[in-house]
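In what follows, a single structure is set out as structure tokens and then discussed.
Please read these numbers as outputs of a predicted model, since none were measured by experiment. Residue numbers start at 1 and run along the sequence shown.
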Amino acid sequence: MVWFFPAYMLALIIVYFVGAMIAFAFLYWGTHAVGSWHQALMASGSAFNTLGFATPTTTAGQWLAIPEAALGLGIVVFLFTFIPSYQAAIRAREDKTSWPYARAGERPSGITLLEWCQRAGIGEI
């Protein structure tokens with residue numbers, strides 16, 4: 001289960017990436033910004049990856065490349081900033097929830113935790 005969330009997030013990013021690239025390829029092809037379906041996929045992949053090697057020469061194609069590049073950059077920023085910070089928050093929560101197990105043994109209960117607090121001198125008035 002430890003690798004489920006990272007694998008899920010990576011798969012989700014790949015699905016977003018491919019889905020948006022195909023959607024923009026349809027836009028390129030539908031607006032006649034490029035001549036063929038292959039050129040539409042190349043232009044979409046170029047803009048979405050912010051590489052710019054196959055930018056269409058038409059005005060419509062160039063205007064479509066701008067929001068597509070912004071979307072691609074947003075997904076990359078999401079990949080490198082949000083996911084690691086979210087993973088750190090999850091790990092911190094796991095550390096806090098493992099606290100009773102370290103103090104009260106394998107099967108912590110309220111009584112064993114109170115016994116540990118009494119032995120440690122915590123909670124005395």
Side-chain angles (χ1 to χ4, degrees):
M1 291 301 286
V2 171
W3 290 103
F4 176 76
F5 182 74
Y8 167 73
M9 290 306 288
L10 185 61
L12 189 64
I13 288 170
I14 290 170
V15 167
Y16 284 166
F17 213 79
V18 170
M21 197 171 87
I22 290 173
F24 272 96
F26 276 121
L27 288 172
Y28 284 121
W29 187 62
T31 58
H32 301 290
V34 292
S36 69
W37 176 245
H38 180 269
Q39 289 175 339
L41 278 174
M42 290 296 289
S44 180
S46 171
F48 201 69
N49 292 311
T50 64
L51 297 174
F53 64 86
T55 305
T57 56
T58 63
T59 305
Q62 291 171 350
W63 277 101
L64 279 173
I66 294 169
E68 184 177 15
L71 183 64
L73 188 61
I75 289 175
V76 170
V77 167
F78 175 75
L79 175 66
F80 287 117
T81 59
F82 173 74
I83 293 176
S85 63
Y86 186 74
Q87 283 292 95
I90 295 295
R91 188 156 309 235
R93 185 186 71 182
E94 289 173 354
D95 290 343
K96 288 179 183 177
T97 57
S98 66
W99 185 86
Y101 291 100
R103 272 98 182 142
E106 287 292 317
R107 299 182 61 108
S109 66
I111 294 171
T112 56
L113 191 58
L114 288 174
E115 289 172 352
W116 178 84
C117 288
Q118 185 178 15
R119 284 192 309 270
I122 299 173
E124 294 180 8
I125 299 176

So OG of Ser46 and CD of Glu68: to nearest 0.5 Å the spacing works out to 8.5 Å
Tightest non-hydrogen contact, residues Ser44 and Met21, listed as OG-O, 2.6 Å
Give a yes or no on whether Trp37 atom CH2 has more than 12 heavy-atom contacts from other residues, nucleotides or ligands under 6.0 Å away.
yes
Looking at every heavy atom in both Thr58 and His32, which two are closest together, and how far apart are they?
CG2-O, 4.4 Å
Kindly give the heavy-atom pair with the smallest separation between Pro56 and Ala33, and that separation in Å.
CB-O, 3.7 Å
Closest heavy-atom pair and its distance - Thr31, Leu27
OG1-O, 2.8 Å
side-chain contact (heavy atoms from CB on, under 4.5 Å) between Phe48 and Ile75, worked out:
CA-CA 10 Å; Phe48 201 69; Ile75 289 175; 3.6 Å; yes
Shared hydrophobic cluster for Leu64 and Trp29 (ILVMFWY, side-chain gaps under 4.5 Å):
no
Say you draw a straight line from CG of Leu41 to CZ of Phe26; how long is it, rounded to the nearest 0.5 Å?
8.5 Å
CZ (Phe17) with more than 12 external heavy atoms under 6.0 Å
yes
Over 60° means perpendicular and under 30° means parallel, so classify the ring planes of Phe24 and Tyr28, tilted if in between.
tilted
CD1 of Ile66: more than 12 outside heavy atoms within 6.0 angstrom?
yes
Should we say atom CZ of Phe53 is surrounded by more than 12 heavy atoms from elsewhere, each under 6.0 Å from it?
yes
